[in-house]
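Accompanying notes for the structure given below.
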Amino acid sequence: MTLPDGATMDLPRGSTAGDVAARIGAGLARAALAAKVNGAVVDLGRPIEDDATMEIVTRKSPEALDVLRHSAAHVLATAVRKVRPGAGIGFGPAIEDGFYYDFEVDEPFTPDELERIEEEMRAVASAEHPFERKVVSKAEARELFADDPLKLERLEELAEDEVISVYRNGPFLDLCRGPHLAGTGEVKHFRLLNTAGAYWRGDERRQMLQRIYGTAWFTEEDLEDYLDRLEEARKRDHRVIGKQLDLFSIQDAVGPGLVFWHPNGAMIKWLLTRAVEEDNVRSGYELVYTPNITREELFRISGHLPLYESNQYPPMAAGAGEDEDVRYRVKPMNCPMHALVYKARPRSYRDLPLRLSEVANVYRNEKSGTLHGLLRVRGLSMDDAHIFCTLDQAEDEIFLCLEQVDRLVRQAFGFELSFDVSTRPPERLGDDATWERAEALLMRALERKEIPFDVDAGGGAFYGPKIDIKFRDAIGRTWQGPTIQLDFQLPERFELEYTGADNRPHRPVMIHRAIYGTLERFIGNLIEHFAGAFPTWLAPEQVRVLPITDAQRDDAAAFVRELRDAGVRAHLDDRSETLGYRIRDGETHKVPYMAVLGERETEAGTVAVRKRGAGRKQEVLDRAAFAERVAEEIRTRALE
RNA sequence: GCUGACGUAGCUCAGUUGGCAGAGCAGCUGAUUUGUAAUCAGCAGGUCGUGGGUUCGAGUCCCACCGUCAGCUCCA
């Protein structure tokens with residue numbers, strides 16, 4: 001046996017990992033949960049037949065929580081079988097922060113029942129049944145799971161030479177690869193969280209099972225921390241903050257997934273739009289505005305119909321008159337429109353790259369169950385752009401897109417980015433050689449910028465491969481953000497051409513790219529990232545001026561005008577309320593600065609500045625200096 | 001779209017076995033003139049998501065629809 005420190009140990013054939021831990025020391029034996037043998041995590045009790053490198057897994061090991069949670073899933077299934085004797089069992093894996101198990105039951109679980117099941121789990125845990133592994137033949141397994149059709153289905157998919165193992169804990173037997181903890185007694189700190197329907201094998205054509213989600217940890221403290229984290233995420237929920245700060249609404253009278261931007265939210269949207277448009281113009285993009293509806297034929301040419309049709313709103317008639325039979329569609333994407341701008345006049349190689357940008361509203365008929373606040377909507381504002389260029393230019397253009405992403409997302413908000421190259425999906429247009437070229441090109445641009453990336457095989461759009469960029473927010477969640485897509489198809493379909501230096505026609509390639517993705521989703525992410533406390537440049541209200549008594553009212557109003565002249569969004573709060581009340585109101589509305597004017601300040605021509613979240617720490621400043629400081633913060637789009 | 005839970009004042013929520021629709025906050029009015037996270041009093045605010053049904057009587061029970069939420073599937 002070779003240990004992590006390089007030491008070797010001789011043991012009789014068939015010794016277990018637990019034996020190794022015991023040989024090393026009693027402390028390690030107590031802490032041992034599982035073992036990693038030749039890189040694979042196995043049970044402590046598993047006999048080891050050959051020479052191997054091994055490492056003892058304790059609760060500090062990265063794999064430990066997975067083992068715990070997988071065992072917790074079995075404890076859950078054991079409990080469910082007690083409460084619902086005939087329940088069919090599907091899969092029950094460990095997932096990030098917890099576990100789930102899918103059950104086939106006649107009646108879905110009720111919330112009350114969930115509590116009973118959790119109690120039952122505690123009984124299963126205190127029974128301290130060992131997890132016993134047994135290797136069986138396929139025939140034996142068929143017999144053992146004769147009453148479990150879901151397990152049988154899984155069983156039949158296993159290769160003939162695969163080792164089939166089953167695990168027993170007390171009354172519960174599962175077809176399972178393992179590994180598990182020594183016994184159910186080690187599953188101590190857990191909580192069932194919710195239930196939901198889930199399709200068997202994730203296939204919407206198959207039956208729906210009832211999934212129970214839970215979380216499990218090694219200590220009660222870790223469990224509490226996790227539940228606090230859930231609570232923190234709930235408080236940051238952009239739907240909650242959006243209401244508190246009066247940023248936006250979604251109204252039944254109009255329909256789900258369609259956003260009303262109220263003045264505060266509209267200010268944020270406008271500022272972001274301006275930021276990306278300014279950067280676009282500086283980066284050599286040109287602005288265009290294109291129609292929101294079009295003859296349906298356009299989407300036949302582009303290939304969206306029928307491939308994208310399930311996401312498009314149904315066609316509408318052109319209306320009374322001779323056009324009655326012409327069908328129109330609301331646009332779900334801008335690319336065909338921008339292709340038509342390209343095509344509106346003959347293009348020369350000297351025109352390329354031609355970069356057309358538009359922050360445009362598009363509408364997608366998303367399935368109702370997928371809608372979620374601002375993060376998944378039906379009416380989207382995309383900060384869209386299409387670059388028409390030669391194949392030789394494409395790599396450079398993508399490189400420039402990556403730099404724009406870096407400026408507008410990473411630098412501007414401090415987001416940490418991660419990159420995925422999504423390659424050809426099963427349903428696609430175009431031949432494999434073209435796809436091959438396109439995929440290679442994207443990867444070269446990333447390598448040139450020395451950006452590490454993962455490959456999402458099969459994740460590309462139907463018209464081309466893409467770079468999907470995710471960013472990580474303040475509480476560690478990752479979100480889909482910018483996307484850069486290469487497209488050989490649309491130029492083909494629209495027969496786009498340019499005249500080359502050789503005076504002959506050539507076909508350009510097209511790059512689709514969005515930096516924020518959609519303003520809706522991005523603002524939703526920003527709300528949660530900042531928990532509503534936007535940096536000053538994005539805050540709808542930047543300074544709130546508070547006169548202490550009516551005697552400072554005129555002075556305060558004059559100071560508001562002074563701030564506005566300096567380009568600061570300032571408001572006067574001269575309500576007949578105590579200063580404490582108005583301070584509290586300003587804090588709950590996340591206003592970056594409150595400027596208090598009392599008798600002292602009025603006499604001295606100063607202002608007492610309270611920074612958001614700073615409590616009683618205040619600064620008395622010269623008024624012009626304060627206005628200049630805020631203006632500077634806005635101009636530089638400072639984060640702090 | 002599918003499964004489940006839930007829809008009561010602007011917001012957060014209470015409403016018993018079916019028997020007069022409530023509270024706090026927000027709003028309005030008045031008093032108060034306030035020195036850094038809630039001053040006091042009064043007033044107003046409801047087709048209990050919508051439409052049917054059961055019942056002497058429905059916020060409460062049943063059905064359908066709309067919407068929200070948690071997931072599944074899908075995705076910017």
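Chain letters run A, B, ... following the sequence lines, proteins first and then strands; every chain starts at 1.
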Name each donor-acceptor pair under 3.5 Å that joins a side chain in residues 458-469 of chain A to protein atoms two or more places apart or in another chain, with its distance.
unit_1   : atom_1 : unit_2   : atom_2 : d
A/Tyr463 : OH     : A/Gln485 : OE1    : 2.3
A/Asp468 : OD1    : A/Thr483 : OG1    : 3.3
A/Asp468 : OD2    : A/Ser422 : OG     : 3.3

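Nucleic acid contact for A/Arg234: none, since no nucleic acid atom lies under 4.0 Å from a heavy atom of the residue.
Taking the C1' atoms as reference points, B/rC20 lies 27 Å from B/rC6, given to the whole Å. Separating the P atom of B/rU17 from that of B/rU73 is a span of 40 Å, rounded to the nearest Å. Spacing of P atoms, B/rA5 relative to B/rC65, comes out at 15 Å, to the nearest Å. B/rG59 and B/rG19 have their C1' atoms separated by 13 Å, given to the nearest Å. Taking the C1' atom of each, B/rA58 and B/rU54 are spaced 10 Å apart, rounded to whole Å. Here, B/rC48 and B/rG7 have their P atoms 15 Å apart, quoted to the whole Å.
Identified under the side-chain hydrogen bond (donor to acceptor under 3.5 Å, both in side chains) test for residues 266-276 of chain A, with sequence neighbours left out: A/Lys269-A/Ser381. The stretch residues 359-375 of chain A participates, sequence neighbours left out, in these salt bridge (Lys or Arg N to Asp or Glu O under 4.0 Å) pairs: A/Glu204-A/Lys367, A/Glu366-A/Arg376.
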Per-nt protein contacts along nucleotides 71-76 of chain B (heavy atom under 4.0 Å; B base, S backbone sugar-phosphate only, - none) come out as BBBBBB
Letter by letter from the 5' end, nucleotides 35-52 of chain B scores (B base, S sugar-phosphate only, - none; protein heavy atoms under 4.0 Å) BBBBB-------------
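Residue A/Leu245 contributes atom CG, which lies 17 Å from atom P of B/rA26 at whole-angstrom precision. Between the C1' atom of B/rU32 and the CZ atom of A/Arg582 lies a distance of 12 Å, rounded to the nearest Å. If you take CZ of A/Arg575 and P of B/rU29, they are 13 Å apart, rounded to a whole angstrom.
In this structure, A/Lys331 fails the cation-pi test against A/Tyr363, since its NZ or CZ atom is not both closer than 6.0 Å to the six-membered ring centre and inside 45 degrees of the ring normal.
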Output field dot_bracket for RNA chain B (Watson-Crick or G-U, both distances under 3.5 Å, | for other-strand pairs) contains (((((((..((((.....[..)))).(((((.......))))).....(((((..]....))))))))))))....
